[in-house]
Amino acid sequence: MKAMALRSQRQQLHATEIPTPRAGPDEVLLKVRACAVCRTDLHVVDGELPHPKLPLVPGHEIVGFVTAKGEGVERFKLGDRVGVPWLGWTCGACQYCRTGRENLCDKACFTGYTIDGGYAEYTVADQRYCFSIPDSYPDAEAAPLLCAGLIGYRSLAKTGQARRVGIYGFGAAAHIVTQVARFQGREIYAFTRRGDLAGQGFALSLGAAWAGDSDTLPPEKLDAAIMFAPAGELVPLALKAVAKGGTVVCGGIHMSDIPAFPYDRLWEERSVCSVANLTRRDGEEFFALAPRVPVRTTVQTFPLSEANEALTRLRAGQIRGAAVLVPEG
Ligand SMILES: [Zn+2]
Ligand SMILES: [Zn+2]
């Protein structure tokens, strides 16, 4: 329970209105059943994101069972299956928290980055930021919903009413977004690494209207595009692919520099924006929607002891759908 005590100290630092908890009244101890591997984990382990907790247990797409809980935990009981997302804690007091934008909280803590995460047999989470997992999902298939699904959903929402939506980088998030987009009556145009015919075939199998190399233009102008690939050089290409008034949504937490481009790529009310983190409301909406689509996740499971192998394969673009770590025993 040492982790609980440490977390409680952090809460005291961040939120003066929280009564001084001695044993983490809002915390649940979870036996991890599955933790998906996100591209952000690569950015964290590569040191590309500032000020991580060190040493750190990565992983922010956690499915686990409640095995102990603080006295303030009322949403879950022992044995319940819950999901832990990237957003691990917010202050509730800053201008962002008070205006429905807790994803931008000045003092937010993030699972697997500034809080220990789910590449583990057990983890501790604040129950207020956990979600119930729909019963229809097995543990491993549910895990990617917690970031790939949630960030994908928020990114898709940022495209507004766009009907033709391009997706650059067809990994875990894209394979979920494609299913949601089709359910909403949209068309998906999938862009992959040059010559990645397997990835393009995967996109088409999920119902994408078109799939091709990321340096080519789609057969029709797009209404919006979502960038999941962390490659800044694709942003000017995506702007070229979108029609007047179109938006390019950058869905990743890290991206290489965006090269200079002529203003006429942006002209005619095209825009570029980013998506940062998630709100609990995104999660409630998405977990209500996912079983209705129904979103099916394609996963490649690895024993927890092979976490580095999973990361290596993700880096090399060798994962179809999402990689998921499963603790032994
Ligand atoms: Zn805040
Ligand atoms: Zn993630």
Side-chain angles (χ1 to χ4, degrees), residues 10-18 26 34-46 48-49 52 56-63 83-119 123 125-126 128-131 140 142-156 169-177 226-230 249-255 274-283 286-287 297 299 307 310-311 314-315 319 321-325:
R10 194 201 60 240
Q11 287 182 340
Q12 289 172 37
L13 285 175
H14 282 328
T16 50
E17 75 276 20
I18 291 179
D26 274 308
C35 183
V37 179
C38 176
R39 177 161 290 282
T40 297
D41 301 343
L42 277 180
H43 297 313
V44 170
V45 302
D46 288 348
E48 289 172 323
L49 304 182
L56 171 70
V57 179
H60 57 270
E61 304 182 84
I62 308 166
V63 174
V84 185
W86 170 249
L87 186 74
W89 188 87
T90 55
C91 78
C94 72
Q95 59 165 322
Y96 299 104
C97 284
R98 285 187 280 111
T99 53
R101 296 179 292 165
E102 64 182 1
N103 60 307
L104 301 176
C105 173
D106 287 331
K107 296 175 180 173
C109 297
F110 301 107
T111 312
Y113 177 33
T114 56
I115 304 172
D116 279 329
Y119 287 24
T123 193
D126 187 319
R128 294 170 297 178
Y129 299 86
C130 296
F131 300 109
L145 300 176
L146 285 150
C147 182
L150 286 175
I151 299 295
Y153 174 74
R154 189 173 173 88
S155 302
L156 184 63
F170 207 86
H175 98 288
I176 294 173
V177 168
I226 303 173
M227 318 292 305
F228 290 126
V249 180
C250 301
I253 192 170
H254 178 82
M255 186 182 265
S274 67
V275 160
N277 316 316
L278 70 143
T279 66
R280 283 173 281 183
R281 184 171 171 183
D282 295 327
F286 177 68
F287 279 109
T297 56
V299 300
L311 286 166
L314 178 62
R315 189 191 303 281
I319 301 289
V324 178
L325 302 178

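Every number for a ligand or one of its atoms is a count from 1 in the order of the listing.
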Can you give me the SG-the Zn ion (ligand 2)-NE2 angle for C147 and H60, to 10°? 110°

Give a yes-or-no answer on whether the side chains of T90 and Y96 include a donor-acceptor pair shorter than 3.5 Å. no

Just checking, is any N or O donor in the side chain of R281 or T279 under 3.5 Å from an acceptor N or O on the other one? no

So, N103 side chain and N277 main chain: donor-acceptor pair closer than 3.5 Å or not? no

Any idea how many protein N, O or S atoms are nearer than 2.8 Å to the Zn ion (ligand 1)? 4

Set of residues satisfying salt bridge (Lys or Arg N to Asp or Glu O under 4.0 Å) with respect to R315, sequence neighbours excluded: D46

Sequence neighbours left out, what passes salt bridge (Lys or Arg N to Asp or Glu O under 4.0 Å) with R98? Give chain and number order. none

Quick one: ring pair (Phe, Tyr, Trp, His ring centres under 6.0 Å) partners of F228, sequence neighbours excluded? none

